[in-house]
Every structure is written in C-alpha cells, then in structure tokens.
Amino acid sequence: MIQIQWLLPPQPVAPPLHHHRRSLLFSGHRRSLHHRHSSVVTTFSFPRKYFGFRACNYAGSDSVSDESKESVKVRAYPFHEIEQRWQKFWDDNRTFRTPDDDELGKSKPKFYVLDMFPYPSGAGLHVGHPLGYTATDILARFKRMQGFNVLHPMGWDAFGLPAEQYAIETGTHPKITTIKNIDRFRTQLKSLGFSFDWDREISTTEPDYYKWTQWIFLQLLKKGLAYQAEVPVNWCPALGTVLANEEVIDGVSERGGHPVIRKPMKQWMLKITAYADRLLEDLEDLDWPESIKEMQRNWIGKSQGAEVKFCVLSRDNQETDAKITVYTTRPDTIFGATYLVLAPEHPLLSSVVSEAQQTVVEEYKEIASRKSDLERTELQKEKSGVFSGCYARNPVNGEAIPIWVADYVLGSYGTGAIMAVPAHDSRDHEFAKKYDIPIHWVVTSDECCDDFEKPFSGEGDVINSSSSKTGLDINGLRSKEAANKVIEWVEKTGNGNKKVNYKLRDWLFARQRYWGEPIPVVFLDENGETIPIPETELPLTLPELDDFTPTGTGDPPLSKAGSWVKTVDSSSGKPARRETNTMPQWAGSCWYYLRFMDPKNSTQLVDKKKEMYWGPVDVYVGGAEHAVLHLLYSRFWHKVLYDIGVVSTKEPFKCVINQGIILGEVQYMACKDQYGNFVSAESLDALGEHKQERIPEEKVMKSGNSFVLKDDPSIRLIARAHKMSKSRGNVVNPDDVVAEYGADSLRLYEMFMGPLRDSKTWNTSGIEGVHRFLARSWRLIVGSPLSDGTYEDQTVTVDEKPSLEQLKALHRCIDKVSDEIEATRFNTGISAMMEFVNYAYKWNKLPKSIIEPFVLLLSPYAPHMAEELWFRLGHSTTLAYEPFPKANPAYLKDTTITLPVQINGKTRGTIQVEVTCTEDDAFKLASLDQKLSKYLDGKSVKKRVYVPGKILNVILERESTKVGSR
C-alpha cells in the first residue's frame with residue numbers, strides 16, 4: 001500500500017501563501033503527500049497500482065492481454081487517472097489562491113489576466129469557449145513561474161433574458177436555473193485544469209455583488225449622469241412587453257412572430273456622451289488591436305461640420321417662422337442640396353406636412369415604427385420615403401427644395417434631419433434616382449471630372465457653387481477651404497454655426513424585466529419626485545415572485561410585487577413607489593474586474609491599496625463581439641469611478657486580445673436538381689432552384705482545391721464550416737473530448753490549431769496528433785508499460801551530466817517556448833516542444849537535468865501531465881511555483897556548421913564541423929563519414945584545398961595503368 005497524508009489547515013482560517021506548496025515526500029517504495037501546517041493530519045492509503053495506472057497501455061502495444069483489453073479501454077497514456085487526481089489536489093489545496101493583501105510582497109511584480117465574463121447558459125460549454133480560457137491559463141501559469149503575483153479569477157454574468165424566458169415558460173425561478181447552470185459551467189471549467197482562483201468567484205446575481213452595482217448607479221445619479229427621458233422602445237402589443245433589439249427580427253418578435261412597433265416610453269438613461277472626447281482620446285495609449293480601437297472610434301463617431309437652418313416655406317412660397325436645422329459634415333456641398341429628409345419621428349414633421357399628404361405620411365410613420373434602427377439604416381436595404389407636400393429654402397442660393405420623410409434618417413442622430421446631396425452621397429443618390437429628384441454636381445474628382453453617373457463622395461475642387469443673390473461664392477476652392485468659408489458665411493448671416501457632433505448616443509439603462517438589478521430610487525406619491533435610496537439601505541434586493549410573465553400594459557413584472565413597490569421615503573417619511581424597471585445585463589459586467597481584486601469587502605467597492613496594486617488589468621481576453629459596447633461601457637464607468645477617486649487609473653484594461661472563433665467541422669453538401677440527381681457545384685448558377693444534401697465525410701475525397709464525391713468525382717461539393725449552433729447540429733461538447741483524449745489534449749489542440757486571434761475550423765481527428773505527442777512525451781520520460789499494462793512509479797531519467805548536444809536542444813526549446821508564450825503565439829511554442837521530443841528519442845540516455853526543465857516548459861500547456869511527471873521525478877512540491885527555465889545564451893549560439901566536401905572538384909557530401917575546425921580535423925571527419933569514406937579509402941591524396949567555414953576539396957592522385965597489363 002502507498003500512504004498519502006494530507007495536512008489540512010484548521011477551518012475556517014485561510015492558509016498563508018506557503019500553503020500553495022503541498023509537500024510530497026518520498027520514502028522508499030512508499031510515497032506520502034503531506035503538509036506541515038497544523039497538528040491536523042488526514043491520511044489516505046492507496047494500493048501501489050494507484051500510481052501504477054493499471055491497464056493504461058499506450059495505443060498500439062500488444063503487451064496487454066486480450067482479456068485486459070476487453071475489460072478496460074486502451075489509452076495512449078493514463079490521462080483519466082492523472083487529471084482527476086491533480087484537479088482534486090489543486091482544489092483541495094487551493095494551489096492557485098491569489099495572495100491576500102498582507103502576503104502580496106510589494107517587491108514582486110503583479111500580473112492580472114482576465115477572461116471576459118461568461119454568461120452561464122443551460123447548454124454549458126462547447127469547444128469554442130476554452131480557446132480564450134486556455135490562452136489566459138497558459139499566461140497565468142507562465143507568470144507565476146516567473147515570480148509574479150498572479151490574479152486569475154472567474155465569475156458569472158448571470159442576470160439576463162434567457163433565464164427569465166425559461167422561468168416564464170416553465171415556472172422555474174430564474175435563480176434556480178442560474179445556480180444550476182453556474183454549477184455545470186464550474187464543473188466543466190475545473191475539468192479542463194484551469195488555474196482560476198475559485199476563492200474569488202463572484203456572480204452578478206448575488207446581493208453582495210449587486211449592492212455595489214447599485215452604489216455606482218447612485219454615484220452616476222449624483223453627478224447628473226443618470227436621468228430619465230422619453231425614448232422610443234420596441235413595444236410588442238401581443239406579448240404586452242418591451243423587447244430588446246436582439247429580440248426583434250424583421251419587425252416582428254423573435255418569440256411568436258408578433259408585430260413590434262416603436263413606442264416612446266420613459267426610461268433611465270446614462271449620459272455616456274459627456275465622456276465622448278475622453279473615451280476617444282484615451283484609446284491612443286492602449287495596447288489593443290487597431291481594429292478594435294477603430295470600431296470604438298466609429299461608434300463614438302466624432303465629426304466636425306456645421307448646423308444649417310433651412311426655412312420652411314408656406315403654400316405661396318413665403319418664408320415661415322418654422323426652421324429645419326440640419327447637421328452636415330460637408331458644408332462644401334451645400335449648393336448641391338436638392339431636398340431635405342426628416343426622420344419619421346422628427347418633432348416638426350406634423351407641422352410641415354400638407355393636408356393632401358397627411359394620410360400618406362401617417363401610414364409611412366406607422367410602418368417605420370415597426371423597424372429597428374439597424375434595419376432602417378442598413379446600407380443594402382432599398383430606400384423608401386414619402387413627400388411631405390412642403391418645401392424649404394436653401395439659404396445659400398435661395399432655391400426652394402422639397403421636404404421628404406424617410407426612415408433611413410434617425411431621429412436619435414444629429415438633428416433628425418439631413419440636407420440631401422445626391423451627387424455626393426450614395427444613399428441620397430439612390431433615393432433621388434428612385435423618386436426622380438434633381439441631382440446637382442458641385443465637387444469634381446481629381447482623377448476624373450466628367451463621370452456624373454455615379455455619386456462622388458470624396459473631396460476635390462468645388463464647382464457650380466455661387467450665388468449673386470446671397471453673395472456666397474466658393475467656386476474653384478478645395479473642399480476643406482470651401483467648407484470653412486460656408487461655415488463663416490452661415491455664422492455671419494445667422495443661418496447656422498460650426499458644430500462638433502457624435503454618433504454616440506446616451507445609454508438606455510432600463511429593462512422591463514424581472515431578472516436584473518433593482519434600480520435604487522423611489523418616486524414620491526405626491527409629486528413623482530425621484531429620490532435615491534440611502535446607501536446604507538443597499539442592497540435593494542429583488543422581491544420573490546411566482547409570476548414573471550409580462551403585464552401586458554408595458555409595466556414591468558416587478559409592478560406585480562405590490563407590497564414591495566409601495567414603500568416610504570426614509571428621509572421624509574412620505575409614501576412612495578419603488579422603480580419597477582431593472583438594470584440591463586451590461587450593468588454587472590461593467591465593473592466586475594474591480595470586484596475580483598477585493599471580492600469579500602462589505603464596506604467598499606474595492607480597497608484602495610488593492611486596487612492600486614492590481615489595476616489595471618494587464619491582459620483581457622474575449623470575443624470580438626464585445627469589441628464595442630461592453631468595452632465602451634466599462635471604460636465609461638471606470639472613468640466615472642476615476643473622477644470620484646475610487647480607482648487610480650484612467651483605463652481598466654491595458655491590453656485586450658480578441659481570440660478567433662472556432663467553427664464547427666467542415667460540412668459537405670451536394671446539390672440536386674429537380675429530378676433528384678446530383679449536380680456539380682459549379683453548375684449552380686445555371687441550375688436555379690435546387691436542393692442540397694449533406695454528404696458524410698467518408699464519402700468525400702479531395703481533388704485539387706475542391707472536394708468531390710468518391711463514387712462520382714465529377715460532382716464537386718460545397719465545403720463550408722459554420723459557427724457552432726444547436727440548429728446546425730455541429731456543436732462539439734468538450735466533455736466528450738476530455739473523456740476520449742483528456743483535458744491536456746484538448747488544451748494543447750486548441751492552442752495548436754493556429755494563431756490565437758484567427759478563426760479556426762474544428763477537426764476532431766486533428767486532436768489525435770497532439771494526443772500522440774503527449775503520449776510520446778509520457779513514454780519518453782516514464783518508459784513503456786509493463787506486461788500488465790501498468791507503468792513504473794519512477795522515470796527512465798539518469799543522474800548524469802548532459803552532452804553539449806542535449807544542452808543545445810534544451811535551451812533552444814526554452815528560448816522558443818518562452819518567446820512564443822510572451823507573444824501569445826502558442827501554436828509555435830508547441831511545435832518547439834514537439835521538435836525537442838523528436839530529438840530526445842534519438843538519445844541513448846535522458847539526463848534528469850535535461851528532462852526536468854522540459855517538464856516545466858510543458859506545464860503551462862499540459863499541467864496535469866507535467867505535475868505527474870514532476871512528482872515521478874522525485875519532487876516534493878507542486879511545480880506551479882517552480883521557476884520557469886531560462887535559456888542560456890551560450891547554448892543558443894550555433895557553433896557547428898554544415899561543410900560541403902568535394903572529391904576532385906565534385907561535391908560528394910557534407911559533414912558537421914565546429915566553426916573553429918582545422919583542415920586536418922575536417923579531413924579526419926570526412927574520412928570517417930560513411931558516404932565520403934568510399935571515395936577516400938585506399939586512395940592517395942595529391943592536394944587538399946580548405947576554406948574554413950566554406951568548403952573542403954580533396955584532390956586525389958590519378959591511378960596509372962601499364963599498356964598490355966591486366
């Protein structure tokens with residue numbers, strides 16, 4: 001029997017930092033794992049076979065009996081036992097616990113690596129999720145071994161619509177569903193060996209957490225950054241509720257396909273626009289992908305231009321008091337404005353519509369109200385609109401131009417009205433062509449001056465832009481100079497002013513749902529005044545509800561909690577009503593990175609000293625789908641917290657990395673004509689309507705750059721990989737992969753598929769390659785299995801001095817792996833380790849001083865196997881905090897070269913020589929070379945020509961033969 005002792009700390013006192021290092025002491029054939037921390041000793045005993053891995057024969061061996069093969073599954077190496085044991089060890093010993101404040105050791109550098117908050121869905125993980133998690137885990141393990149204090153936490157963005165929808169459909173409280181989903185996610189993540197500090201786990205649904213989300217809202221309210229306003233929302237009369245944009249598809253509800261209209265409702269807003277300039281300017285210093293920064297710049301959409309007033313004309317063409325203000329970034333094109341467009345929701349619309357057009361305009365407004373902003377502004381969408389029946393005067397030339405109503409203009413952007421210049425804007429051009437509106441060209445391209453069939457949106461020389469009536473003449477000027485002159489003119493004449501504008505809109509911060517953070521305000525019954533609840537009363541918790549269904553009136557579900565809604569303002573004692581809207585799901589995920597620094601603090605959001613030590617996040621990894629809104633909202637809240645002294649940095653995330661998407665396995669589709677016959681894919685255009693049939697991979701073969709049917713190679717197939725989804729049936733569950741190949745293989749494969757930032761296609765057969773590499777590494781160090789399929793407890797390494805060749809191979813590997821981890825080029829780091837193992841298989845002996853550093857190199861990628869090998873190499877501590885190997889530059893220098901060898905001027909082979917090799921030594925090596933020796937043995941050398949580092953040419957004596965002799 002083998003005895004394992006676990007020393008457990010007295011509960012509930014948390015162990016100190018040295019508790020990470022569980023002592024694993026060896027004694028002959030008995031191994032004990034124990035920890036000198038207290039007098040409490042827990043002892044576990046295991047049979048010797050626990051460490052022998054019974055029946056874990058490597059694939060392809062015939063050393064296991066047929067009877068054994070039938071009773072157990074043959075595995076390439078015993079990952080099923082290794083991984084479970086080390087996961088339990090890490091969990092029981094809290095190996096990856098982040099040091100507490102008094103243990104931080106201010107002399108040690110910090111490394112805060114964070115994954116974007118996952119939403120714990122009922123479906124659990126698919127193999128795309130671990131991609132980013134594996135990358136951050138490699139970085140976390142690497143930095144720990146480099147001596148950093150590492151913060152690598154995990155938590156749950158658990159409020160949201162899916163749990164509430166499930167509650168409505170099944171009657172199950174969303175809290176129950178959420179807890180169940182979190183448990184599943186946590187189990188799956190632990191099964192993959194991620195070194196998260198589970199002591200810091202948080203969930204946005206816990207009152208101890210959202211207390212501080214509510215506290216931040218109150219600070220926003222104090223600073224005037226939270227306010228209420230009437231804004232259009234997606235209202236579904238049939239469902240009786242407000243829907244989020246993502247719940248509306250083509251003007252109908254995702255659930256049930258009911259019509260959805262845009263309806264103004266009073267909502268909470270956050271004034272993110274007040275921080276627009278800072279959000280824009282501070283992007284410059286961030287180590288983020290340029291594409292992500294550009295997306296944020298575009299979303300903020302800062303532009304400089306002018307606001308210009310167009311006077312509405314009466315029926316008799318006289319100017320009225322009504323003026324339509326437009327915002328334009330191209331004042332230089334104002335002479336080309338041939339019509340105005342108002343958004344359907346523009347406040348002046350009703351006053352400028354003629355009596356004859358009243359019905360048509362109202363019908364158009366009704367249709368537009370059913371579309372989302374995204375649908376209305378989609379560039380590919382055919383433009384639609386109606387004439388208002390009225391005209392306005394262009395201030396620069398006095399011309400009367402028609403006023404149209406069109407849904408491609410939004411009331412929420414700019415002034416809700418535009419001057420349309422169809423010659424120089426593609427949308428305006430398309431609209432003008434459709435409705436036969438005049439097109440006037442006022443800017444010419446530098447490249448071409450006479451192509452007036454297509455709109456030209458660039459800058460150039462201004463033409464057709466002068467008026468004797470108004471005195472404005474910008475002809476011949478360049479666009480920028482002309483724009484400045486127009487701005488000066490409108491300001492001087494009172495027709496407008498210079499203006500900086502932003503696409504960024506204030507953040508709608510309310511949901512008519514139950515499962516979210518309650519908004520901590522009350523409204524006095526007597527006058528509706530908004531009163532924030534005292535901070536001492538936080539958290540304001542959700543009331544228990546049995547009915548989560550929408551009310552049908554637009555009132556949120558919380559309005560059903562009568563006793564909770566009716567309350568008293570604690571400051572005045574007056575009767576009041578609680579806010580029944582809840583916060584959006586974005587709220588909890590805006591600041592969670594701060595709570596991980598100090599998750600148990602009940603008196604403040606985060607301790608100042610801890611925030612100053614850990615902030616900002618050093619590396620933040622997640623999907624590109626969060627590139628705009630989540631990152632923008634987090635940056636906004638962080639800047640507000642910076643202004644009020646809660647945080648010490650201007651930005652929350654120093655470096656952001658967007659991992660690529662893992663697509664499902666390639667699917668092969670064959671096309672069929674109307675008669676059910678297979679048709680080659682290149683005939684699709686001529687085929688017209690057709691059906692497609694999925695073809696199994698075993699019936700497909702590659703032909704050149706295409707895939708064809710094996711049975712009929714003339715039929716080319718459509719080969720395409722899609723994003724993983726249940727509907728396509730291409731979701732791969734990581735649990736299945738772990739059961740078949742082990743967590744280390746899954747981790748290694750996801751990193752080996754290609755660069756982290758690129759999208760990749762899953763191929764289950766591809767995982768077998770890295771699985772074989774791990775098996776080869778295992779057998780290299782542990783040896784082949786015994787006759788009964790078990791392995792020796794030790795390794796095959798020897799305590800001997802390594803050769804120069806071995807040292808060079810090791811240090812080249814160290815250098816490469818270290819550089820590639822730092823640069824997040826994990827795939828090439830794995831390649832370097834594969835090369836090392838190939839070299840090592842050629843050696844007769846494996847010095848322990850060579851293998852131990854290799855195991856440490858492997859550990860960030862395949863931590864379970866590395867821990868087991870480290871243990872078998874005789875070490876008494878986890879390798880999680882062992883120093884990461886450093887390359888010795890002396891062994892990186894290439895001291896040998898390949899020297900070509902010529903015999904009588906003809907190259908016959910090459911030899912490996914030292915750079916400082918002499919002529920005599922080079923000749924000796926050539927004479928001993930198997931290939932070259934046949935040319936030199938028994939021959940007389942006439943001359944040797946040796947150019948160091950370049951070539952060795954051996955000139956042989958010519959053999960003479962007498963005439964007539966044999």
Side-chain angles (χ1 to χ4, degrees), residues 230-234 245 251 261-264 273 298-299 301 303 305-312 322-331 333-334 336-354 357 360-394 401-439 455 457 496 499 501-506:
E230 288 275 345
V231 294
V233 296
N234 301 313
N245 284 334
I261 63 173
R262 298 284 281 174
K263 175 182 176 180
T273 51
N298 291 337
W299 191 266
S303 62
E307 282 188 343
V308 182
K309 298 173 186 176
F310 287 72
C311 190
V312 178
K323 287 183 171 58
I324 296 173
T325 301
V326 305
Y327 172 76
T328 177
T329 59
R330 293 294 301 274
T333 64
I334 193 168
T338 58
Y339 65 102
L340 297 183
V341 181
L342 300 187
E345 57 273 16
H346 195 285
L348 283 180
L349 181 58
S350 59
S351 64
V352 300
V353 176
S354 68
Q357 290 294 102
V360 176
V361 171
E362 287 300 320
E363 288 175 352
Y364 185 80
K365 286 173 62 179
E366 173 66 20
I367 294 170
S369 71
R370 298 174 190 168
K371 300 178 183 179
S372 69
D373 289 355
L374 186 62
E375 290 176 280
R376 287 171 55 177
T377 56
E378 189 177 0
L379 292 177
Q380 289 74 25
K381 179 183 78 73
E382 184 180 356
K383 305 299 178 287
S384 66
V386 293
F387 178 43
S388 70
C390 289
Y391 292 79
R393 194 179 304 285
N394 188 331
I401 58 176
I403 302 171
W404 283 73
V405 185
D407 63 4
Y408 74 88
V409 177
L410 300 178
S412 58
Y413 177 66
T415 63
I418 66 164
M419 66 174 203
V421 185
H424 304 290
D425 182 274
S426 57
R427 292 183 312 168
D428 299 345
H429 187 269
E430 181 185 340
F431 192 90
K433 282 285 189 182
K434 181 175 180 178
Y435 294 106
D436 199 24
I437 301 172
I439 300 174
S457 59
K499 178 75 173 178
N501 204 20
Y502 300 89
K503 288 182 182 177
L504 182 66
R505 302 292 91 194
D506 281 345

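Taking 4.0 Å as the cut-off between side-chain N and carboxylate O, R427 and E430 do not count as a salt-bridged pair.
Using a distance-only test at 3.5 Å, with no hydrogens or angles considered, a donor-acceptor pair links the side chain of K434 to the main chain of K383. Panel note: side chain Y339, backbone P422; no donor-acceptor pair is recorded below 3.5 Å. For N501 (side chain) and S303 (main-chain N/O), no donor-acceptor pair under 3.5 Å exists by modelled atom type. One N or O on the side chain of Q357 and one on the backbone of F387 form a donor-acceptor pair closer than 3.5 Å. Distance alone, capped at 3.5 Å, is enough to place a donor-acceptor pair between the E345 side chain and the G411 backbone.
Across every non-hydrogen atom of S388 and I403, the tightest pair is OG-O, 2.7 Å. Shown here for T325 and E307, the closest heavy-atom pair between the two residues is CG2-CB, 3.9 Å. Annotation for P438 and T338: closest pair O-OG1, 2.8 Å, computed over non-hydrogen atoms. Contact between T415 and V326 at its shortest, heavy atoms only, is OG1-CA, 3.5 Å. Here the closest heavy-atom approach between residue V352 and residue L342 is recorded as CG2-CD1, 3.9 Å. The two atoms that bring G416 and V409 nearest to each other are O-CG1, 3.7 Å, heavy atoms only.
Classified by interplanar angle (parallel below 30°, tilted 30° to 60°, perpendicular above 60°), the ring pair F431/W404 is perpendicular.
With a 4.5 Å cut-off on side-chain heavy atoms, N234 and R262 count as touching. Within the 4.5 Å cutoff, no side-chain heavy atoms of L348 are placed close to those of K323. V308 has its side chain out of reach of M419: every pair of non-hydrogen atoms, C-beta onward, lies at least 4.5 Å apart. Side-chain contact between K365 and P344 is present, with heavy atoms from C-beta onward closer than 4.5 Å. Looking at T333 and D425, their side chains never come closer than 4.5 Å, going by heavy atoms from C-beta outward. Inter-residue side-chain proximity for L349 and V361 is flagged as met; some heavy-atom pair is nearer than 4.5 Å. Side chains of Y364 and V405 form a contact here, defined as non-hydrogen atoms less than 4.5 Å apart.
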After noting the C-alpha distance and the side-chain angles of N298 and K503, does the key distance pass the side-chain contact (heavy atoms from CB on, under 4.5 Å) rule?
CA-CA 8 Å; N298 291 337; K503 288 182 182 177; 5.6 Å; no

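Annotation for K499: atom NZ does not count as buried by contact number, only 12 or fewer foreign heavy atoms lying within 6.0 Å.
With values rounded to the nearest 0.5 angstrom, N394 atom CG is found 5.0 Å from I334 atom CD1.
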